[in-house]
Amino acid sequence: MNLFLQGGKVATEDAAPHRADVWIVDGTIQSVAVMDAPAGARVIDCTDQVIMPGMFDAHVHFREPGQEHKETIYDGAESAINGGITGVVMMPNTAPSIDSPAMVQRVLELGKKCRIPVHTSACITVDRAGHEMAPIAGLKEAGILMLTDDGDAVPNAALLRRAMEYGREFGMFFASHCEDPQLCGPRALNEGPVSYRLGIQGTPALAEEICMDRDIRLAHATGARLHIQHVSSAIGMETIRWWRDERGAQVSGEVSPHHLMFADEDIGDYDTHYKMNPPLRTREDNAALLQGLKDGVFRIIATDHAPHTEFEKSQAFVEAPNGISGLDTALVSLHDRFIAKGEFGWDLLVKRYSAEPRRMMELEVAEVAEGKPADLLVFDPKKETTFTKDFMKSKSSNTPFLDKTLKGSVEMVVLGKEILLER
Amino acid sequence: MARKDFLDIVSLERSEIIQLLDQAEPFKDLFTRSVKKVPALKGKTVLMLFYEASTRTLSSFEVAAKRLSADVTIFDVPHSSVTKGESVRDTIDTLQAMRADYIVVRHRLSGQPAAIARQTNASVINAGDGAHAHPTQALLDAFTLREVYPEMEGRKVLIMGDVLHSRVARSTSTILTKLGVEVAFCGPGSLVPQTRFRRFTNYDEALRWGPDAVYLLRVQKERQEASFYPSDREYHAVFGITEERLKRLSDEGVYVMHPGPVNRGVELCDGVLDYERCLISQQVENGIAARMSVLYGLKPQLS
């Protein structure tokens with residue numbers, strides 16, 4: 001392999017993209033500088049394109065084992081590559097749940113057949129049922145990066161506290177899906193004028209706020225490191241800010257592209273593509289979350305990639321499953337909605353969707369820099385992408401972007417010695 | 001009116017509502033004749049698909065369809081393949097093959113009739129879905145109120161009770177608003193959400209607002225069980241039409257409406273049913289005329 005990416009701009013996490021050519025030989029970046037094409041190199045014209053490190057998504061549902069009709073680990077990873085993402089962390093709410101060392105080994109084995117690194121988290125409680133602690137030391141030994149009962153909060157505060165106290169010894173990193181199990185109701189959409197109009201019991205933002213406060217307090221008291229997943233509300237975001245800034249709590253936050261872009265009013269006449277959990281809230285929440293991202297309250301962006309089949313999503317709104325397929329569309333949609341409009345720059349994107357998630361997971365950060373292994377993508381901001389079913393590599397296409405055309409295109413993905421994608 | 005379906009009130013224009021109301025009048029006149037039928041829907045099939053038990057609404061639709069000379073089939077949901085776990089989508093494919101012209105749907109899930117409407121060429125009429133909409137009830141309510149107040153503009157209607165879970169409250173408040181009636185809600189704080197309507201949680205304050213009619217909602221047993229209010233007894237004392245309150249309504253000439261079936265001793269006392277301005281029986285009778293008007297006005301898209 002001898003590849004020369006010519007004429008592009010290189011994006012980093014702390015500065016605006018700068019003009020540089022990138023020369024890669026056998027999976028290692030030889031140089032990042034303006035130079036003439038080396039003899040024998042395959043030259044790729046990257047004029048007006050952005051070269052950046054591969055993205056990393058710390059929150060994906062790959063459905064295997066148990067729900068392979070929605071997604072498999074392999075297809076999920078291909079969907080990631082299609083979107084410029086070169087590493088993921090799976091959530092443990094498979095069937096059966098990833099709550100034992102044997103299950104961890106099984107999914108990691110499947111992950112090794114993929115073209116990108118596939119990592120996994122595991123449950124805090126056995127079968128995510130909230131009754132007994134999962135074998136934390138064994139899970140760590142088997143290679144998990146994080147503990148979470150994602151999909152639900154741990155309903156029992158005493159059990160979560162004990163798990164945090166116990167898990168500290170093993171340096172465990174906890175992540176919380178924050179929703180008070182009683183207040184949240186049937187979990188179909190946000191409580192407000194839209195839930196009233198549609199006649200469906202809503203989930204109040206209060207359910208998230210209260211649980212978030214509880215979990216951060218527990219982590220702060222026990223000294224556990226805690227990450228709050230998919231924050232959906234303005235006060236939720238402010239809760240993290242307050243605990244971090246005013247009390248020095250070791251807490252990080254995550255925001256998903258859909259919570260930045262969509263609100264409950266987009267549901268319109270029961271469009272299940274906008275049904276996810278935590279639910280889409282209001283335009284005011286969108287704005288507050290975006291501000292939280294700019295202010296660094298959110299350490300990472302993650303999609304909560306949650307594939308479901310067309311049939312499942314065609315059921316009545318209450319019965320259709322929660323979730324949005326996100327990996328194919330994340331980067332292009334973030335470009336279309338925010339970068340192209342000047343809301344934030346490439347540096348924020350690289351920091352929050354590539355560098356920080358890897359740091360958070362204690363993995364090596366991908367960088368487009370001399371001597372580093374190749375882990376990068378080429379993005380064309382001027383080209384457009386139409387998200388047809390054929391285009392998307394996920395097994396499911398449950399996204400509001402289905403058949404929509406957005407500004408930007410992932411043109412090439414390179415990882416190590418392989419060109420994973422070349423459009 | 002060239003609509004295929006009748007799913008909610010929100011999407012109707014005021015002119016369409018008035019047309020439906022006007023059209024119901026000659027149908028109502030039929031009821032006092034010896035032959036109560038017209039041949040308007042002769043040769044058409046109306047299929048009743050009630051996923052939720054309802055004798056009253058089902059009978060009302062059945063009578064309405066028969067008075068239009070339609071053939072009526074009642075799809076027996078409790079004894080059907082639905083109990084074997086068949087999805088609604090697959091049931092509708094089956095019914096589509098039977099070429100019904102009209103499907104009247106009641107379902108416990110909000111939005112289900114709309115989903116069915118998208119799937120079939122038959123005209124779909126929403127006979128109540130979850131807490132979302134009950135548009136034919138709204139139409140008959142408006143029709144009934146118009147009989148006592150031909151000029152509806154500026155009249156005031158107080159909707160009392162479990163607004164939070166009520167599809168009737170949603171549809172009836174919407175139709176009345178579109179017809180220029182002022183609507184307010186009243187009930188326990190736990191059952192009356194914040195909406196664009198005036199909201200009372202105190203009965204006396206609500207009456208001081210000066211309603212021309214009080215519309216009582218049925219209070220469902222399970223709400224008490226879920227602790228939305230402490231007991232039926234306390235509900236009746238604080239938010240029910242007691243004998244004492246009935247006297248005040250009578251003094252002020254206020255009409256009483258209710259979608260039925262009533263809970264005596266909860267939202268109302270026995271005396272309300274004998275009250276001279278109680279419109280409950282008219283509502284039932286008008287329900288048939290209103291539903292005839294809806295069936296008559298729709299245009300199925302069958303080839």
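Naming: A, B, ... by sequence-line order, numbering from 1 per chain.
- For B:Ser87, the part sitting under 4.5 Å from any heavy atom of chain A is the side chain, from C-beta outward, and nothing else.
- Counting all heavy atoms, side chain and backbone alike, B:Ser173 lies closest to A:Tyr196 at OG-OH, 4.5 Å.
- For A:Arg161, the CZ atom counts as loosely surrounded, since its 6.0 Å shell holds 12 or fewer non-hydrogen atoms of other residues, nucleotides or ligands.
- A heavy-atom distance below 4.5 Å is not found between the side chains of A:Ile200 and B:His132.
- The local environment of NE2 in A:His131 is sparse, with at most 12 non-hydrogen atoms from other residues, nucleotides or ligands closer than 6.0 Å.
- Distance CG/B:Leu109 to CD/A:Gln315: 9.5 Å, rounded to 0.5 Å.
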Exercise for review: Let me see the working for B:Arg89 and A:Ser314 under side chain to side chain contact (heavy atoms under 4.5 Å, CB included), right down to the final yes or no.
Suggested key: CA-CA 9 Å; B:Arg89 222 166 102 150; A:Ser314 75; 2.8 Å; yes

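- By the 6.0 Å contact criterion, CD on B:Glu13 is open, its count of non-hydrogen atoms from other residues, nucleotides or ligands being 12 or less.
- When all heavy atoms are compared, the tightest approach of B:Gln112 to A:Ala316 is OE1-CB, 3.2 Å.
- Sparse packing is recorded around CD of A:Glu310, with 12 or fewer heavy atoms of other residues, nucleotides or ligands lying under 6.0 Å away.
- For the atom pair A:Glu319 CD and B:Arg108 CZ, the distance stands at 5.0 Å (nearest 0.5 Å).
- At a threshold of 4.5 Å between non-hydrogen side-chain atoms, the residues A:Asp269 and B:Arg118 count as touching.
- Pairing each heavy atom of A:Gly199 with each of B:Ser110, the nearest pair is O-OG, 2.6 Å.
- In the displayed structure, B:Leu179 atom CG is contacted under 6.0 Å by more than 12 heavy atoms of other residues, nucleotides or ligands.
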